[in-house]
**Student:** 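Structure provided below as structure tokens; questions to follow.
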Amino acid sequence: MAMIISASTDFREAARRRLPPFLFHYLDGGAYAEHTLRANIEDLGHIRLRQRVLRDVSAISMQTQLLGDACNLPLALAPIGLGGMFARRGETQVARAARKAGIPYIVSTVSLCPLEEIVAASQGGDIWFQLYVLKDRGFMKAMLERALALGVSKLVFTVDMPAPGARYRDRHSGMSGDGAGLRRIWQAIRKPGWAFDVGLMGQPHDLGNVSAYLGRHISLEDYIGWLGENFDPSVDWKDLEWIRSFWPGKMIIKGILDKEDALDAVRFGADGIVVSNHGGRQLDSVPSSAYALPDIAEAVDRRLVVLADSGVRTGLDVLKLLALGAQGVLLGRAYIYALAAGGGGGVTHLLDLIERELRTAMTLSGVTALADVTPDMLVWR
Ligand code: FNR
């Protein structure tokens, strides 16, 4: 990379320069007035860590297990719909970077590259699959059969999106809606040097996981239109029971922010949950994950694995969510900024930075293993 990036937040600025505005705002934005989007970051900033000294911190271990898989870091890459737009065949570049770092990559239902291509690119890396409930239940079933055939054994079922949140940046740019707005964008954005494959627009392609299902090539505009029509507000626990009737792998429910829902997930027998507000993109004014996490972790009391995301930008943020009760943390926007800034190499660079930040934060807080990262590390006053 030509530019020198010394903090993960620098990637955001690099992404802003390299992306057409509609795509930067699709990534960067949140719902309504973006209160929760800001709170995710600000609340993490307000968490205070104890500084412990003289505890022999010469050997730090960040190794862990997430849902039974060995990971080099307590991290996974979150599902990002259309994430592949941010670099050429972007999801394949992310899959390679995740494997290099030794962490799982959770592929979105609405990836730009088909799941088969991503799994092949990962060359044995740890790929999990994220599913939304869509009106087209045939698609869901076919998709899970494809995932199983590829050896994917972890399903992340996202439940905080019975309908998309009101994201005004997308409404202004034309990114949301039926695809007509995208057609207008496409006319306007033909600028060389952008981190976006303009060839994606206008032309039908073998796009995402939907082309193979529909049995035809589709354009990006049609893909987004198909998605917009397919979110299903009728989703409830019965849909999860239905999935479990034919999904033999692990089930992780993503988008839990309330203790009562977390307890329902325990009763359902989920293997894990992701405490998340979707990065502030759904209901604005819900609490940040940092705020909601301690109550949820206490209520479920290790009866399932608690993962968390929303607002994580640094290794220090990772440590804070772990100390608040998560066993693993998902990176969302952070790695897509890096992908836009520098492709797969940018993601590797970011993950190196996060690893170093986490190592330094553990060293300076006097803990040498993740098992010792507990609420006891925090100053509560
Ligand atoms: C998302 N997120 C998301 N979640 C999911 O389960 N399926 C998806 O397809 C998407 N798509 C998506 C697109 C974009 C552009 C963003 C920013 C987010 C939510 C994502 O997995 C994660 O929960 C948040 O990104 C976490 O917040 P931060 O780290 O981005 O602040």
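Every number for a ligand or one of its atoms is a count from 1 in the order of the listing.
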**Student:** Enumerate the ring pair (Phe, Tyr, Trp, His ring centres under 6.0 Å) contacts for residues 100-139, please, sequence neighbours excluded, ordered by first and then second residue.
**Tutor:**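 The answer is Tyr132-Phe231, Phe139-Tyr213, Phe139-Trp226.
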
**Student:** Would you tabulate the side-chain donor-acceptor contacts of residues 235-243 under 3.5 Å, counting partners in other chains and residues two or more places apart, or write 'none'?
**Tutor:**
{"from": "Asp236", "atom 1": "OD1", "to": "Lys238", "atom 2": "N", "distance (Å)": "2.9"}
{"from": "Asp236", "atom 1": "OD2", "to": "Lys238", "atom 2": "NZ", "distance (Å)": "3.0"}
{"from": "Asp239", "atom 1": "OD1", "to": "Arg137", "atom 2": "NH2", "distance (Å)": "2.8"}
{"from": "Asp239", "atom 1": "OD2", "to": "Asp236", "atom 2": "N", "distance (Å)": "2.8"}
{"from": "Glu241", "atom 1": "OE1", "to": "Arg244", "atom 2": "NH2", "distance (Å)": "3.4"}

**Student:** Are Ile336 and Met85 joined in one hydrophobic group, where the rule is that I, L, V, M, F, W and Y side chains link up if heavy atoms are under 4.5 Å apart?
**Tutor:** yes

**Student:** Which atom names give the shortest non-hydrogen contact between Ser310 and Asn40, and what distance separates them?
**Tutor:** CB-ND2, 3.5 Å

**Student:** Going by salt bridge (Lys or Arg N to Asp or Glu O under 4.0 Å), name the pairs with one or both residues in residues 322-351, residues two or more places apart or in two chains.
**Tutor:**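 For residues 322-351: none.
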
**Student:** Provide, line by line, the atom pairs where ligand 1 and the protein bring an N/O atom each to a distance under 3.5 Å; else say none.
**Tutor:**
{"from": "ligand 1", "atom 1": "2 (N)", "to": "Pro79", "atom 2": "O", "distance (Å)": "3.4"}
{"from": "ligand 1", "atom 1": "2 (N)", "to": "His278", "atom 2": "NE2", "distance (Å)": "3.3"}
{"from": "ligand 1", "atom 1": "4 (N)", "to": "Pro79", "atom 2": "O", "distance (Å)": "3.4"}
{"from": "ligand 1", "atom 1": "4 (N)", "to": "Lys254", "atom 2": "NZ", "distance (Å)": "3.0"}
{"from": "ligand 1", "atom 1": "4 (N)", "to": "His278", "atom 2": "NE2", "distance (Å)": "3.4"}
{"from": "ligand 1", "atom 1": "6 (O)", "to": "Thr158", "atom 2": "OG1", "distance (Å)": "2.7"}
{"from": "ligand 1", "atom 1": "6 (O)", "to": "Lys254", "atom 2": "NZ", "distance (Å)": "3.1"}
{"from": "ligand 1", "atom 1": "7 (N)", "to": "Gln130", "atom 2": "OE1", "distance (Å)": "3.1"}
{"from": "ligand 1", "atom 1": "7 (N)", "to": "Tyr132", "atom 2": "OH", "distance (Å)": "2.8"}
{"from": "ligand 1", "atom 1": "9 (O)", "to": "Gly81", "atom 2": "N", "distance (Å)": "3.1"}
{"from": "ligand 1", "atom 1": "9 (O)", "to": "Ser108", "atom 2": "OG", "distance (Å)": "2.7"}
{"from": "ligand 1", "atom 1": "9 (O)", "to": "Tyr132", "atom 2": "OH", "distance (Å)": "3.3"}
{"from": "ligand 1", "atom 1": "11 (N)", "to": "Gly81", "atom 2": "N", "distance (Å)": "2.8"}
{"from": "ligand 1", "atom 1": "21 (O)", "to": "Pro79", "atom 2": "O", "distance (Å)": "2.7"}
{"from": "ligand 1", "atom 1": "21 (O)", "to": "Lys254", "atom 2": "NZ", "distance (Å)": "3.0"}
{"from": "ligand 1", "atom 1": "23 (O)", "to": "Lys254", "atom 2": "NZ", "distance (Å)": "3.0"}
{"from": "ligand 1", "atom 1": "23 (O)", "to": "Ser276", "atom 2": "OG", "distance (Å)": "3.4"}
{"from": "ligand 1", "atom 1": "23 (O)", "to": "Asp309", "atom 2": "OD1", "distance (Å)": "3.4"}
{"from": "ligand 1", "atom 1": "23 (O)", "to": "Asp309", "atom 2": "OD2", "distance (Å)": "2.6"}
{"from": "ligand 1", "atom 1": "29 (O)", "to": "Arg313", "atom 2": "NH1", "distance (Å)": "3.3"}
{"from": "ligand 1", "atom 1": "29 (O)", "to": "Gly332", "atom 2": "N", "distance (Å)": "3.4"}
{"from": "ligand 1", "atom 1": "30 (O)", "to": "Arg333", "atom 2": "N", "distance (Å)": "2.8"}
{"from": "ligand 1", "atom 1": "30 (O)", "to": "Arg333", "atom 2": "NH1", "distance (Å)": "3.0"}
{"from": "ligand 1", "atom 1": "31 (O)", "to": "Gly311", "atom 2": "N", "distance (Å)": "2.8"}
{"from": "ligand 1", "atom 1": "31 (O)", "to": "Arg313", "atom 2": "NH1", "distance (Å)": "3.1"}
{"from": "ligand 1", "atom 1": "31 (O)", "to": "Arg313", "atom 2": "NH2", "distance (Å)": "3.1"}
{"from": "ligand 1", "atom 1": "31 (O)", "to": "Arg333", "atom 2": "NH1", "distance (Å)": "3.0"}

**Student:** May I ask you to check whether over 12 heavy atoms, not counting those of Glu298, lie within 6.0 Å of atom CD?
**Tutor:**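 No, CD of Glu298 has 12 or fewer neighbouring heavy atoms, counting only those of other groups under 6.0 Å.
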
